[in-house]
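For ligands, and for the atoms within them, numbers begin at 1 and follow the listed sequence. Every heavy atom of this structure was used, including side-chain atoms; hydrogens, water molecules and symmetry mates were not.
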Amino acid sequence: MRNFLSFSFLLLLTIGLISCSGEQETHQKEFAIAIHGGAGVISQDIDPEIRDGYLASLEEALTIGRDILANGGTAMDAIVETIIYLEDDPRYNAGRGAVYTNEAIHELDASIMDGRDLNAGAITGVRTVKNPIVLARKVMEESRHVFFAADGAERFADLMDVERVDNSFFNTENRRRALERALEREAVEMDHSSVIQENDKSWKYGTVGAVALDRDGNLAAGTSTGGMTNKRHGRVGDSPIIAAGTYADNNTCAVSSTGHGEKFIRNAVAYQICAQMEFAGKTLAEAARNVIWEKLDEGDGGIIAVDYAGNIVMEFSSPGMFRGAADSDGFFEVAIWE
Ligand code: ASP
């Protein structure tokens, strides 16, 4: 009898422990993707036409990535194709709609990382590459290096099969006006730091990024930007920096950042989120909240991230962040504000 009671007690304890740990365990998704088009002070009073244009564009970009993953494609292909779409859309400060530097030209940055093996590629200060994310991928896959800058990145592009354009291809009227205003105020303007005002259709936002988990359990992350309006020669933000703007590790998570680049570099934001999961045992949501709200200052920006189980987190401390997320459970959402 005594033995029977001890056995029953042990059995109940085991069942209890299993169900407790079951509660904490997250449901493994087959695939998941999140995208962003920049964080910042995005007024809720923006012209409804502009707002709807952004939402439609985010929806389109998200659909491209989601469909690749749903059809068994890789996380790497999903994020690259999604980012190409966002780079080609002049609404965003990446590729076609890149902001102007102080010298009234465009210098673009991008980075990419493969969570399978921590392989990575990055470029900064490129002037003639239509889709910087494509060149970043080439650095990762076809060179023994990780990061090429300015003239060196252009020379690497000469050796690769990537589409080239004249720098004027990136000219847009809205960004030109943003530069004129910044020059008047002698400001170096974060692309996300102003308000879209009524009657002012200058779109000031839009570093872009994507993170994904595929059916093989691989994570990938990528980020692309024109940087800051009126930035000085050679300024490099966080977007092309592995560990600050982009990070992916199959053991933890994939992250893409957007915001005040200098702060994101100092805090190694993308890596720190994954590291808090690995070394402090935090969930992705806990790690992201800690970094965005405790390590950075309110208003600095935000991140999108997905972990190995397909949990998606889109955390930001700015008033808005253009973003979207979808997964294998049928979840699909695009949003700008809370
Ligand atoms: N992080 C980018 C930079 O500092 C800008 C942004 O995301 O808005 O270049």
Participant: Can we say Arg96 and Glu87 salt-bridge, meaning some charged N sits less than 4.0 Å from an Asp/Glu carboxylate O?
Facilitator: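 A salt bridge is absent here (no side-chain N lies under 4.0 Å from a carboxylate O).
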
Participant: Do Tyr85 and Tyr92 make the cut of ring centroids closer than 6.0 angstrom?
Facilitator: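 Not close enough - the centres of the two rings lie 6.0 Å or further apart.
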
Participant: Should the pair Asp109-Arg235 be classified as a salt bridge under the 4.0 Å nitrogen-to-oxygen rule?
Facilitator: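 No.
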
Participant: Should one rank Lys263, Lys231, Arg235 by closest heavy-atom distance to atom 4 (O) of ligand 1, which comes out on top?
Facilitator: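 It is Arg235 that holds the nearest heavy atom.
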
Participant: Can you name the atoms of ligand 1, numbered from 1 with element, that are less than 4.0 Å from a heavy atom of Thr258?
Facilitator: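 In order of numbering, the contacting atoms are 6 (C), 7 (O), 8 (O).
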
Participant: Would you mind finding which of Gly259, Gly237, Gly301 brings a heavy atom closest to atom 5 (C) of ligand 1?
Facilitator: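 Among Gly259, Gly237, Gly301, the closest heavy atom to atom 5 (C) of ligand 1 comes from Gly259.
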
Participant: Parallel, tilted or perpendicular: which fits the ring planes of Tyr247 and Tyr271, with parallel below 30° and perpendicular above 60°?
Facilitator: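 Taking Tyr271 first and then Tyr247, their aromatic rings stand perpendicular (interplane angle over 60°).
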
Participant: Can you list the atoms of ligand 1 that are under 4.0 Å from a heavy atom of Asp238?
Facilitator: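 Listed by number with element: 1 (N), 2 (C), 3 (C), 4 (O).
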
Participant: Any nitrogen or oxygen of Gly261, main chain or side chain, under 3.5 Å from a nitrogen or oxygen of ligand 1?
Facilitator: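 Between Gly261 and ligand 1, an N or O pair is found under 3.5 Å apart.
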
Participant: In ligand 1, which numbered atoms sit nearer than 4.0 Å to a non-hydrogen atom of Thr207?
Facilitator: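 So the atoms of ligand 1 that pass are 2 (C), 5 (C), 6 (C), 7 (O), 8 (O).
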
Participant: Determine the minimum heavy-atom distance between Ala61 and Leu86, stating which atoms define it.
Facilitator: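 That closest heavy-atom pairing would be CB-CD2, 3.7 Å.
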
Participant: Only heavy atoms of Ser239, strictly under 4.0 Å: list the atoms of ligand 1 that pass.
Facilitator: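 Every atom of ligand 1 under 4.0 Å from some heavy atom of Ser239: 1 (N), 2 (C).
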
Participant: Salt-bridged, Lys263 to Asp297, with N to O below 4.0 Å?
Facilitator: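 Answer for the salt bridge query: yes.
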
